[in-house]
Each structure stands twice: as structure tokens, then as C-alpha cells.
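The block underneath contains the structure these notes are about, expressed in C-alpha cells.
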Amino acid sequence: SNRPRPFSSPISSFTLIIFISVAAGGAMLVYLVRKRKEVRTVPVGEGWWGAGDQPLTEDDNIHPFQVQTSDEEIEDLYQRIDRARYTAPLEDSGFHYGFRSTHLTKVVSYWRHKFDWKSQVAVLNKYSHFKTKIEGLDVHFVHVRPRPRENQKVLPLMLVHGWPGSFYEFYKILPLLTENQDGVVFEVICPSIPGYGFSEAPHKKGFDSLAAARVFLKLMDRLGFSQFYLQGGDWGSLITTNMAQMKPQCVKGLHLNMFMIRRGFKMLLSLIIGQYLPFLVGLTREDVRRLFPFFQKNVWNILEETGYLHIQGTKPDTAGCGLNDSPVGLAAFILEKFSTWTDMSNRDLNDGGLERKFSLDDLLTNVMIYWTTGSIVSSMRFYKENLKTDPDQRVDGKTGVFVPVGLAAFPRDLMHCPKSWAQSKYHNICCYTFMPRGGHFAAFEEPQLLADNIVQFVEKVEKL
């Protein structure tokens, strides 16, 4: 018969019903087994990352710190920039092969002749900086207190960055969180991950996100905060998640703008039928729009964008030697991520769309934090330390998060995680928001959107 069929599918309705029934039963079995085995907290443990043997006592004082520079430092930078060599790009290649060298010369020319590092150092010092010794490392952090006002509720909040970012990513969002006229206002702590920027690099192997989480928990305790909120993206997302897993009694709420969960049957089932019957696997229309076609958006694109991860997760010191020696190479390596991770369609542009969301002053300030501290190699090692074992088999991979959680899903981030997937790890999601625009560097790109979402989440938790 040539008559149209009411249900057109490569499998019959009966087969589909049987498949869904079996799959649902299997999913429930997997869920129950996991619930039975799931650990509720991650052991805090102890560590020592300083040079040499651990002393009997450690200075636990907090010392003021200021970012500084010198004419000699700037002159050395200029000499290295002047000696840079460039390779001509392929025709019509955009940013598909990496940072297009013809645009790189323009960025470097601005860096050499117009960028004022001394002025940017003054910008960095706009807020109060401190250092304190924790587990053998000088840990750097920015601490911003709101101006006292009557009838104002002040809540402590830690913001944690990722790679290749820094504490400077939060400079545009800080006033939005600390100068709020109505409702809640925050006392914000922005630490630098050890090995990044002005935080001392670990001297011993093994410093992973669990170690960073423990260090930051000790920092909050040293500052006198027994309860606080956390926010993170990229590595900051994993570190703050680990903090909530280690001491849930201290974490009033966890807000993330990047969130990944372990692989499982629920995810597999969603990928098989989610595009056609999303309601059966807890997907929304917006989830379907962001996830599918899955291989194009979440396999091929990710393969093209994660070459750096394989290098940094295996032999970071080798590539890092060149980046630590060449400011132009360092800028290309870092700024390419601020192009593509902001919007993958920027690969089609000859200028990478860099100045669509950022100014060159802001971008180069972030690069200079890595350059002047010589921290690119130690920042890359963080991948090696975290990828030595299967993340799903690590203790935090098997542990749920039970504190109140707010998730902000930005549409241009590297991967999309639906709420139904996130619930397998984050068991108390109070807010899940499809953000209208923005990519991976949320606080840097869309500070107002992120600040509003954080405030909405916290206000909801405070009413619980």
C-alpha cells in the first residue's frame, strides 16, 4: 500500500514499547544499585605540596599582596615579541587550524605598542590581594567586602576559575555581586588555583582537584567562614563540586556554569531515543535543540577542540617549555580558546571573533598573568594530575552532591548537560536555567547574566 503510515520509524511500535520497557527496567536497576553503593562524602585527607620535607609547623598568617611589575620585565617582553617568527596561514582557513597568524600579528602589534601593562597592574590592584601558606604552598586570593549598609544580608561566596583563565575573569562580575543595592550581597573570595598565576605551583606530583578543594576549604576556614556559597566553571566547577562533596555541612549552596556527569545507562538511553521521544527520558525541547545532532555537536566538535587536553593530560612539560619561553606562542595558545570556546562558529572568522565579547586589554591582561608568573607549565600539569585515572572511577566520581545546587546552562559552552543527566550526580538541584546567550567563560563574557542567576539561586536557597 502507498498510503502514509501513522508511525514512520525503522522499528515497529511494538518493538519500541518492548525496548522502552526493558530499558526503563534496566535504568531503574542501575539506579538502585548505584544508590546502594553511592558514598555521601569524599574523605578530606591531608597533603603537602611544598619543596622538600614537611616542617613540624607552618605559618598560617594571611599577608597582604600586591601585583607588581618593572621596566626590566616589560623590556624583556618587548625584546621577545620583536624576535617573533610567524608562519603564513592557509587561504580561507579562518581559525580552523588554530590562531590565524595574520590576525595574531595584529594582536601582538597592539600588545607591543598600545597595551599598557603598568595601567593594567593598577586595575588588578583595585581589589585587595592576599597570600597565605596552605599545605606548603603560597595561596593567592582576592578578597572583596561589600560596603556596610543597614538591613543588608552579607553572604560569603567563593568564585573559582579554570584554564586558561584566572581570577581576573571575575573582575567584571565582582561589583555586581558586592555592590548590590537590594536583596543579598556577597563577600567574595577569588583564589588562584595552585600553579596558576600568583599561587605557588606544587613541587610534588599528584596535586589534583581534590587537593585543590581541600586547600580552598582550609582557606575559607582560615578566613573564619563556617558556611558559604561556591561558584565555578571549567576546573572551578570540579573543584567546587569536590568541596561540596568533602564538607557539605559548610557549603550552603553550589552554583555551576559548567557541569559534567559520569557516563551511564540513562545517558545512553537519552542519546538513542531522546531526539525522537524526549519526554520519555526527561529531555526538554531546548535540550534536544542543544544536543542533537549529537555526533556533530558533541563528538566531532569536541574532538576538534580537545587536542590541547591530550597534550596537557600526558606530556604538559614538553609543550609548556615553548609557551613559557615565547610570549607570542603563549598568547596564540591561550587566546585561541577565548575565540572558539566563546562560540565555535568563530572558527569561520579570520579574526576569530575575539573582540565580539572581549577587549584586547582584558584578553592580554589574562595572558600577562600567565607570562609574568611563568605559570603556564604548572597550570597545564593540572590536566595530567586529574587524568591519571578514569574520572568516573575516582572517589568523587562515585559520590553524589547533596547540597542545594544551581546550574546555569550557557548555549555556546563546549557541551550541554540536560537537567535529567545532572540529577544523577547533583541530587538537590534547586535551579536549572537555560541561559539565553554566552559560552564557556561566563563571568568574563556575560557578567550580568551570571550575577543575576547566582543571586536568584542564593535567594531561593536562603528561603528554604
Side-chain angles (χ1 to χ4, degrees), residues 42-43 45-52 98 134-140 160-167 191-216 232-243 245-246 258-260 262-263 302-326 329-330 332-334 336-337 340-341 366-367 369-371 373-399 414-415 440:
V42 170
E46 274 297 332
W48 172 261
W49 311 103
I134 302 176
E135 297 192 2
L137 301 175
D138 275 329
V139 178
H140 161 261
V160 184
H161 66 88
W163 188 91
S166 65
F167 67 91
S192 293
I193 300 171
Y196 288 69
F198 300 107
S199 277
E200 185 179 355
H203 297 264
K204 294 174 172 60
K205 296 185 294 183
F207 189 90
D208 56 13
S209 67
L210 295 168
R214 184 176 62 246
V215 166
F216 289 166
D234 196 87
W235 282 127
S237 170
L238 180 57
I239 292 169
T240 53
T241 293
N242 291 162
M243 293 173 73
Q245 292 171 316
M246 287 178 173
M258 180 182 178
F259 36 97
M260 303 303 297
R262 62 184 175 223
R263 300 178 297 275
I302 295 303
L303 283 174
E304 188 170 352
E305 290 302 319
T306 51
Y308 81 97
L309 186 148
H310 298 284
I311 292 172
Q312 295 174 193
T314 53
K315 301 291 180 67
D317 286 31
T318 304
C321 287
L323 300 178
N324 194 49
D325 188 60
S326 168
L330 179 68
F333 200 72
I334 288 178
E336 181 241 308
K337 304 308 179 190
T340 310
W341 295 359
N366 184 65
V367 172
I369 290 171
Y370 281 87
W371 175 254
T373 59
S375 59
I376 187 61
V377 176
S378 52
S379 74
M380 293 164 69
R381 288 175 185 158
F382 201 56
Y383 285 81
K384 173 82 171 179
E385 305 297 6
N386 281 289
L387 298 176
K388 285 181 176 178
T389 58
D390 181 356
D392 288 347
Q393 298 306 313
R394 222 169 63 165
V395 61
D396 54 320
K398 298 179 180 180
T399 305
L414 294 171
M415 293 186 72
H440 187 70

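Atom NZ of Lys315 has 12 or fewer heavy atoms from other residues, nucleotides or ligands within 6.0 Å.
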(message) Test side chain to side chain contact (heavy atoms under 4.5 Å, CB included) on Ile369 and Tyr196; report intermediate values, then the result.
(response) CA-CA 9 Å; Ile369 290 171; Tyr196 288 69; over 6 Å; no
(message) His440 vs Asp234, test: side chain to side chain donor-acceptor pair (under 3.5 Å). Steps then yes/no.
(response) CA-CA 8 Å; His440 187 70; Asp234 196 87; 2.7 Å; yes
(message) Using salt bridge (Lys or Arg N to Asp or Glu O under 4.0 Å), reason through Lys384 and Asp317 one step at a time and then give a plain yes or no.
(response) CA-CA 10 Å; Lys384 173 82 171 179; Asp317 286 31; over 6 Å; no
(request) Check step by step if side chain to side chain contact (heavy atoms under 4.5 Å, CB included) holds for Met246 and Leu210. (result) CA-CA 9 Å; Met246 287 178 173; Leu210 295 168; 4.0 Å; yes
(request) Report the C-alpha distance between Leu387 and Gln312 in whole Å, list the side-chain angles of each, state the deciding distance to 0.1 Å, and finish with yes or no for side chain to side chain contact (heavy atoms under 4.5 Å, CB included). (result) CA-CA 9 Å; Leu387 298 176; Gln312 295 174 193; over 6 Å; no
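Checked by atom type, the side-chain pair Ser209/Arg394 shows a donor-acceptor distance below 3.5 Å. For the residue pair Asn242 and Asp396, a side-chain donor N or O sits within less than 3.5 Å of a side-chain acceptor on the partner.
Between the side chain of Lys204 and the backbone N or O of Gly52, at least one donor-acceptor pair lies under 3.5 Å. With hydrogens and angles ignored, the 3.5 Å screen pairs no side-chain donor or acceptor of His161 with any backbone N or O of Gly236. Remark: the backbone N or O of Val139 is not paired with any side-chain donor or acceptor of Ser199 at under 3.5 angstrom. Judged purely by atom type and a 3.5 angstrom limit, Tyr370 has no side-chain atom pairing as donor or acceptor with the backbone of Val377. Remark: the backbone N or O of Ile302 is paired with a side-chain donor or acceptor of Thr306 at under 3.5 angstrom. Asn324 places no side-chain N or O within donor-acceptor distance of the main-chain N or O of Ser375, the cut-off being under 3.5 Å. Although no hydrogens or angles enter the test, the distance criterion places a donor-acceptor pair under 3.5 Å between the side chain of Glu385 and the main chain of Gly206. Counting only distance, with no hydrogens or angles, the side chain of Thr240 and the backbone of Ser237 share a donor-acceptor pair below 3.5 Å. In this structure a side-chain-to-backbone donor-acceptor pair under 3.5 Å is present from Asn366 to Pro164.
Salt bridge status for Lys398 with Asp392: absent, with no side-chain N to carboxylate O gap under 4.0 Å. A salt bridge links Glu135 with Arg214: at least one charged nitrogen is closer than 4.0 Å to a carboxylate oxygen.
Taking the centre of each ring, Trp163 and Phe382 stay at or above the 6.0 Å mark. Between Trp371 and Phe333, the ring center distance fails the sub-6.0 Å criterion.
Note that CZ of Phe207 is 6.0 Å distant from CG of Leu137, once rounded to the nearest 0.5 Å.
Pairing each heavy atom of Ala211 with each of Trp49, the nearest pair is CB-CZ2, 3.7 Å.
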